[in-house]
Amino acid sequence: MLKIMMMIFLLFWCNLYKKSFWLIQNLMFMIMFIMMMNISYMNYYISISYYFGIDMISYGLILLSIWICGLMMMASSKIYMENNNLKLFSFMLIFLLLMLFFTFSSLSLFYFYLFFESSLIPTLFLILGWGYQPERLQAGVYLLFYTLLASLPLLIGIFYIKNMNFTLNFMLLNFVEMYNFFFMYLCMILAFLVKMPMFLVHLWLPKAHVEAPISGSMILAGVLLKLGGYGLLRVFMMMEKMGVLYNFIWISISLVGGILVSFMCLRQTDLKALIAYSSVAHMGIVLGGLMSLSMWGLSGAYSLMIAHGLCSSGLFCLVNISYERLSSRSLFLNKGLLNFMPSLSLWWFLLCSSNMAAPPTLNLLGEISLMNSIVSWSWLTMISLSLLSFFSASYTLYLFAYSQHGKSFLGLNFFSLGLNREYLLLILHWFPLNLLIMKSNFCLLWL
């Protein structure tokens with residue numbers, strides 16, 4: 001773990017030199033492979049220092065963070081070409097990676113909270129500094145206030161636990177009975193519900209996605225939404241008793257909200273907004289499974305979080321490739337792309353099929369586990385789950401069919417091929433997504 005931290009600090013040093021953009025990206029992939037060499041299937045903490053350690057949940061999400069940060073640099077070549085505050089951009093990405101690494105490897109609840117909130121700062125700078133439209137200021141305010149207001153009760157809850165228990169170490173907080181009351185339960189989980197985001201507190205996400213640059217959208221969809229799920233997995237270690245009593249509220253909101261958001265997806269004309277709303281629907285089913293507190297639910301939620309991180313990030317990359325050529329994200333202009341960019345249609349198909357959980361992707365494994373857990377919690381949920389699955393396939397087909405088929409926009413009187421960098425970017429999203437199902441004990445057997 002010390003090696004990884006040293007390598008991340010090395011990235012800051014590399015950022016001092018001119019033309020070190022691609023060197024930083026290569027170093028990120030190198031850190032990723034060093035991390036993979038240290039794999040351990042233990043479900044207890046390893047590499048423990050006084051404040052930091054990694055167990056199986058942290059391990060997968062740290063790998064995902066480093067992978068997505070490397071791919072963000074690959075996707076942001078336009079910033080490199082135009083030299084648009086390149087050093088500051090690289091610094092923000094490295095700082096964000098460092099904050100995510102510390103968040104996922106914190107052993108103390110307070111340090112987890114501190115780094116959880118710190119990851120908001122570079123994300124806000126990415127949206128405000130490299131976003132496209134003037135509305136990015138409003139999107140930044142939405143992101144900041146939704147997250148910070150929901151996090152204040154969590155901070156109060158952490159101080160209360162410290163006062164009652166005299167420690168904030170995750171390993172010493174399991175099954176503590178002295179703070180099992182509803183207000184405490186609400187304080188501890190509200191910040192994570194907003195971060196996931198749960199339906200009714202999800203409005204910041206589509207705004208942030210639409211205004212963010214490609215790198216901002218990738219990290220939001222890929223990793224930052226997973227912070228909420230990770231926080232809930234940690235907090236429910238000590239809130240199980242209250243969870244059993246009150247989790248039906250969140251499961252109901254998530255499943256009904258997922259169906260309503262699916263309807264909203266079917267009437268979107270902005271490609272980025274469509275994929276952002278589909279993230280809310282997917283996180284709804286993750287939240288439902290996680291709140292069931294069963295083994296199927298917890299392992300399925302973890303699997304789908306990793307799968308959705310890769311799949312959704314890849315779809316945002318595809319939208320960005322079209323946007324760079326057509327200067328629009330509207331479905332009215334981005335139609336008939338099969339004639340305009342024939343070589344990219346395969347990647348649209350592969351990533352759209354992953355988004356609707358077609359085999360052999362990790363999404364399928366996650367969704368099967370989550371459906372098992374939610375139906376075993378209550379058989380009445382079969383109705384909402386079947387509707388959710390149907391509409392999930394519907395809006396993904398709508399996205400693929402409308403964007404790839406039909407008559408092209410008349411202003412497009414030429415055709416365009418993708419660059420090698422873009423194909424590599426898409427392969428690096430899709431390949432791990434399908435490879436991980438062959439080694440699914442990594443995702444399912446960490447409990």
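The model shown is predicted, which means the values in this text are computed figures rather than measured ones. Heavy-atom basis, side chains included; hydrogens, waters and symmetry copies ignored. Residue indices begin at 1 and follow the sequence shown.
- With values rounded to the nearest 0.5 angstrom, F349 atom CZ is found 9.0 Å from S354 atom OG.
- Minimum heavy-atom separation, I437 to L365: CD1-CB, 4.1 Å.
- S76 places no side-chain N or O within donor-acceptor distance of the main-chain N or O of M73, the cut-off being under 3.5 Å.
- Checking side-chain atoms of H282 against main-chain N and O of S278 turns up a donor-acceptor pair under 3.5 Å.
- The aromatic rings of H202 and F199 lie parallel to each other, their planes meeting at an angle below 30°, with 60° marking the opposite boundary.
- Both the sub-6.0 Å distance and the 45° axial angle are not jointly satisfied by K272 relative to the ring of Y323.
- Y423 OH: more than 12 foreign heavy atoms inside a 6.0 Å radius.
- Considering every non-hydrogen atom in both Y302 and M56, the closest pair reads OH-O, 3.1 Å.
- Side-chain N or O atoms of W67 include one that pairs as donor or acceptor with a backbone N or O of L428 at under 3.5 Å.
- R234 places none of its side-chain heavy atoms less than 4.5 Å from the side chain of F112.
- Side chain of N334 to backbone of S328: a donor-acceptor contact under 3.5 angstrom is found.
- Under the 3.5 Å distance criterion, with hydrogens and angles disregarded, a donor-acceptor pair is assigned to the side chains of D55 and S58.
- Annotation for L362 and I306: closest pair CD2-CG2, 4.1 Å, computed over non-hydrogen atoms.
- The main-chain N or O of L350 is found under 3.5 Å from a side-chain atom of S353 such that the two form a donor-acceptor pair.
- For the atom pair CG of L417 and CZ of F340, the computed distance is 9.5 Å after rounding to the nearest 0.5 Å.
- With hydrogens and angles ignored, the 3.5 Å screen pairs no side-chain donor or acceptor of S65 with any backbone N or O of L97.
- For the residue pair N247/Y185, the side-chain donor-acceptor check at 3.5 Å is satisfied.
- Within the model, atoms CG of L27 and CD1 of I66 stand 12.0 Å from one another, a figure rounded to the nearest 0.5 Å.
- One distance of note links CG of L310 with CD1 of I68; it measures 5.5 Å at 0.5 Å rounding.
- Between Y51 and Y111, the two ring planes are tilted [angle within 30° to 60°].
- Between the side chain of S294 and the backbone N or O of G297 there is at least one donor-acceptor pair closer than 3.5 Å.
- Screening F110, F101, F102 for a side chain to side chain contact (heavy atoms under 4.5 Å, CB included) with F115, the sole residue that qualifies is F102.
- A tilted orientation is assigned to the rings of F263 and F391, their planes being inclined by 30° to 60°.
- At distances below 3.5 Å, not a single donor-acceptor pair connects side-chain atoms of T147 with backbone N or O atoms of L144.
- Note that the CG atom of L100 and the NZ atom of K226 stand 11.5 Å from one another [nearest 0.5 Å].
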Take R136 and Y132 through the test side chain to side chain donor-acceptor pair (under 3.5 Å) and record every step on the way to the result.
CA-CA 7 Å; R136 64 182 185 269; Y132 303 123; over 6 Å; no

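- The shortest non-hydrogen separation linking L351 to C311 is O-SG, 3.7 Å.
- Of all heavy-atom pairs between S312 and I275, the closest is OG-CG2, 3.8 Å.
- The shortest heavy-atom contact between F116 and S151 is CE2-OG, 4.1 Å.
- Put simply, the side chain of W204 gets close to the backbone of V194: a donor and an acceptor are under 3.5 Å apart.
- Partner of L344 under the side chain to side chain contact (heavy atoms under 4.5 Å, CB included) criterion, chosen from L318, L338, L337: L318.
- In this structure, CG on L98 lies 9.5 Å from CD1 on I94, to the nearest 0.5 angstrom.
- With hydrogens and angles disregarded, no donor-acceptor distance shorter than 3.5 Å links the side chain of T361 to the backbone of A357.
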